[in-house]
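From a predicted model like this one, the values you see are computed outputs, not experimental measurements. Convention: sequence-line order gives letters A, B, ...; per-chain numbering from 1.
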Amino acid sequence: MRYSQLLVPTIKETPAEAEVISHQLLLRAGYIRKLTSGLYTYLPLGLMALQKVAAIVREEMNRAGAQELLMPMVQPADLWQESGRWQKYGPELLRFKDRHGRDYCLGPTHEEVITDIARRELQSYRQLPTNLYQIQTKFRDEIRPRFGLMRGREFVMKDAYSFDADDKGASLSYEKMKEAYHRIFTRCGLSFRAVEADTGSIGGSYSHEFMVLADTGEDTLVICNDCDYAANVEKAAVVLPEADGSSEEKQPLARVETPGMKKVERVADFLGVSPRDIIKTMIFLVDGEPVAALVRGDRQVQEVKLKNLLHATEVEPMADDEVWKRTKLPVGYMGPVDIPIRLVADQEVMRMVNGVTGANEKGMHLTGVNPGRDFEPELVGDLRQITTEDGCPVCGGGLSLTEGIEVGHIFKLGTTYSKAMKATFQDRDGVEKPFVMGCYGIGVSRVVAAAIEQNHDENGIIFPLPLAPFQVIVLNLGVKDAAISRAAEQLYSDLQGRGVEVLLDDRDERPGSKFKDADLLGIPYRATVGKTFAKEGMIELRLRASGETIMLPFAEAGAGIAAMIEQELQKVQDV
RNA sequence: CGGGGCGUAGCGCAGCCUGGUUAGCGCGCCUGCCUUGGGAGCAGGAGGUCGCAGGUUCGAAUCCUGCCGCCCCGACCA
């Protein structure tokens, strides 16, 4: 491809709308353009990168025995009513009517449609296991789209669905996908971790997320320093050490005046205790009902854990004035003793002796508060966010926290959808049974953004070789010099002949602009044909990632570059 | 939806508070000259319903009201 024939509108200045680096660079390098909030056009280069990811995904899915199909993006409401998600899914599901007044939605995911396919087309255990996937544009009417390709409303996703006769088979299918995902992200040249995850709104029993490690990640992961354990903090179980049997004597409950002391730190300071001695009371709206959750004063409530403990579908923190309106409880002075709403507690709280809590009265706190004696929560469980002071739930080892970008998520669904939609097959024993399902997603467009978040510098993108739209860019620095131009053209066609994906910068631009653009685009190899060629007959090859420069005699350049690329690709190919 | 910010040329911004000539600047774009190894220089030029709709005023980019759009923080998630 010739640069002069390609639409690559690079921009020097960082667009004001872009906050994160991948978004800035995708815009600056001319990969994408925004249509409106959360909706992007992939320009030629952006589409090439996207298709690179898609090709790797496709190869590995096929290798794992999955079959590609393509389902409609528009889906009829009745399928969603069958699964129960027409009610449950919420406003993220974009709904509309056709000219006959029939209800439809834009597919945010395809469990319903694929289950419908399965129940029609798979009748016998002999046809199982089956794994079907597609690479397709999804639409989710996100509350707040942001960060360019990271969280668009429209995005490209690979979604696969497995159908098995029993749990054992489903586990096998799940493991196969897990392995395929490892291969996919390795082949993409990304640094990633698979972590245990919460199952969220898709439902199901067991799941892993694949996280690309990058500082700008929206998720926080805990990783064990000693064993293989890794989990999303939403999921990571806190394991308390053996109770030390503290023999501190229980004091009587006492009221103290704490005027103006609303924050944990201030109350602790004022009473001469540590935040660890305070029982923090947080009010959440759980499926529309206020619930008080207790954690130690120095801890954070993990909302996903709270949601799971209560088997709720929606949990959100209540604003201070809402708390007062709904419960007449004074924010800053709330406590579990005689609290008039539902009460749940973190396991750690139940071990506290002589704690300090609010008295549910403005300007008043209680001391000598003892769980069990002074209050009894309706539920006790693991409610708080894990910290690096906690031990690994598997081996007890030390933990580290890292930021990650979720690029893949795999679930064991069980029979949730097959039962709801009566999707059954006839088993060996002649009995009709529901399929045991799994679903497996990869945010294909998000992988492109994540790759950039992980690989860039002040000059632009540094694409991993397998994802780069072009492997090599040849710079003709003497467009008006016949000898240089001839050499650049020769190198270009030589590389093309060797199957190398090469872009020839044949624009009549000054060298500075060509260098800057080549860096910005993130093309891994840059071959410069210019002065050095005119003087010494040498081609200058620069590696984008390391900055290393290699001089190659013109006659050997094509073969040399092709060999380097081959070798580099081999590294991630043999996983 | 709650909280914060912003809409002026393709992009990045100034002007607005304190209303008043043809609304500026940098980048980009077009023409010519010159230049050619890290986003050169000179000269000339094109490009604007100042987000939209009302209102106040002799006069509105500027003041007021409403609406729309975009961005950031939270819930959501590939």
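Taking the P atoms as reference points, B:rU8 lies 11 Å from B:rC50, given to the whole Å. With P as the reference atom, B:rU57 and B:rC16 are 24 Å apart, rounded to whole Å. Between B:rG4 and B:rC63, the distance separating the two C1' atoms is 24 Å to the nearest Å. For the P atom pair drawn from B:rU49 and B:rG10, the interatomic distance equals 8 Å after rounding to whole Å. Atom name C1', nucleotides B:rA40 and B:rG47: the rounded distance is 24 Å, in whole Å. Rounded to a whole angstrom, the distance from the C1' atom of B:rA75 to that of B:rC29 is 44 Å. Of the C1' atoms belonging to B:rG15 and B:rG48, the separation is 15 Å, rounded to the nearest Å. Separation of the C1' atoms belonging to B:rC73 and B:rG66 is 27 Å when rounded to the nearest angstrom.
Residues A:R153 and A:G441 both approach RNA chain B. Their nearest nucleotides, taken by heavy-atom distance, put A:R153 toward the 5′ side. Summary of the strand contacts: A:T14 and A:E303 both lie near RNA chain B, and taking for each the nucleotide with the nearest heavy atom, the more 5' one is attributed to A:T14.
Between the side chain of A:R526 and the base of B:rG38, a donor-acceptor pair under 3.5 Å is found. Checked by distance alone, A:E13 brings no side-chain donor or acceptor within 3.5 Å of a matching partner on the base of B:rG28. Side-chain N/O atoms of A:R140 and base N/O atoms of B:rC77 include no donor-acceptor pair closer than 3.5 Å. Taking only distance into account, the side chain of A:E540 meets the base of B:rG37 through a donor-acceptor pair shorter than 3.5 Å. Side-chain N/O atoms of A:K531 and base N/O atoms of B:rU36 include no donor-acceptor pair closer than 3.5 Å.
Heavy atoms of other residues, nucleotides or ligands lying less than 6.0 angstrom from CE of A:M1 number 12 at most.
In this entry the distance linking CZ of A:R151 with C1' of B:rC70 reads 18 Å, nearest Å. Distance, A:R33 CZ to B:rG28 C1': 12 Å, rounded to whole Å. Spacing between atom CZ of A:F515 and atom C1' of B:rG37 amounts to 5 Å, rounded to whole angstrom units. Straight-line distance from the CD atom of A:E509 to the C1' atom of B:rG41: 15 Å, rounded to whole Å. Put simply, CD on A:E234 is 10 Å from C1' on B:rC76, counting in whole angstrom units. Rounded to a whole Å, the CD1 atom of A:I442 is 15 Å from the C1' atom of B:rC77. Rounded to an integer number of Å, the gap from A:L475 CG to B:rG37 C1' is 10 Å. Across the protein-nucleic acid pair, A:I143 atom CD1 and B:rC1 atom P stand 11 Å apart, rounded to whole Å.
Nucleotide B:rG74 is matched to B:rC1 when pairs are restricted to Watson-Crick or G-U wobble geometry with both distances under 3.5 angstrom. Pairing partner, B:rG69: B:rC6, with both Watson-Crick or wobble hydrogen-bond distances short of 3.5 Å. Pair assignment for B:rG59: none, as no Watson-Crick or G-U wobble contacts are both less than 3.5 Å.
Note: A:H409 and A:F411 have parallel aromatic rings, judged against thresholds of 30 and 60 degrees for the angle between ring planes. Relative orientation of the A:F96 and A:Y104 rings is parallel, given thresholds of 30° and 60° on the angle between their planes. Aromatic ring orientation, A:H182 versus A:F210: perpendicular (interplanar angle above 60°, classes split at 30° and 60°).
Looking at heavy-atom distances under 4.0 Å, A:M150 makes contact with a base. Within 4.0 Å (heavy atoms only), A:G443 reaches at least one base atom of the nucleic acid. Residue-level contact check: A:G148 touches neither bases nor backbone, having no heavy atom under 4.0 Å from any strand. Among the atoms of the strands shown, none is found under 4.0 Å from any heavy atom of A:D159. Among the protein residues, A:I135 comes within range of no part of the nucleic acid, since none of its heavy atoms lies under 4.0 Å from any strand. Among the atoms of the strands shown, base atoms are found under 4.0 Å from some heavy atom of A:G530. Looking at heavy-atom distances under 4.0 Å, A:F147 makes contact with sugar-phosphate atoms alone, never a base. At the heavy-atom level, A:E142 lies under 4.0 Å from base atoms of the strands shown.
For A:D219, whose side chain is taken as the heavy atoms from C-beta onward, the closest listed nucleotide among B:rG39, B:rC77, B:rU36 is B:rC77. Comparing B:rU36, B:rC72, B:rA78 by their nearest atom to the side chain of A:E19 picks out B:rC72. Among the nucleotides B:rC13, B:rC72, B:rC77, the one closest to any side-chain atom of A:E406 is B:rC77.
Comment: A:K307 does not engage A:D198 in a salt bridge, judged by the lack of any side-chain N to carboxylate O separation of less than 4.0 angstrom. A salt bridge between A:R2 and A:E489 is present, with a side-chain N of the basic residue lying under 4.0 Å from a carboxylate O of the acidic one.
Contact check, A:K34 against B:rC71: a side-chain N or O comes under 4.0 Å of OP1 or OP2. Side-chain nitrogen and oxygen atoms of A:R144 include at least one within less than 4.0 Å of the OP1 or OP2 phosphate oxygen of B:rC73. The shortest distance between the side-chain N/O atoms of A:K12 and the OP1/OP2 oxygens of B:rG28 is below 4.0 Å. Phosphate proximity of B:rC73 to A:R146: present, with a side-chain N or O under 4.0 Å from OP1 or OP2. Between A:S445 and B:rA78 there is no side-chain N or O to OP1 or OP2 distance below 4.0 Å. Within the structure, a side-chain polar atom (N or O) of A:R510 is placed less than 4.0 Å from OP1 or OP2 of B:rA40. Phosphate proximity of B:rC70 to A:T36: present, with a side-chain N or O under 4.0 Å from OP1 or OP2. The shortest distance between the side-chain N/O atoms of A:K516 and the OP1/OP2 oxygens of B:rG38 is not below 4.0 Å.
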From CA spacing to verdict: side-chain hydrogen bond (donor to acceptor under 3.5 Å, both in side chains), A:Y89, A:R95: CA-CA 11 Å; A:Y89 213 95; A:R95 300 153 211 250; over 6 Å; no
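Within the 4.5 Å cutoff, the side chain of A:K514 has heavy atoms near those of the A:V479 side chain.
Screening A:F463, A:Y42, A:Y40 against A:Y31 for a ring-ring contact (aromatic ring centres under 6.0 Å, His included) leaves a single residue, A:F463.
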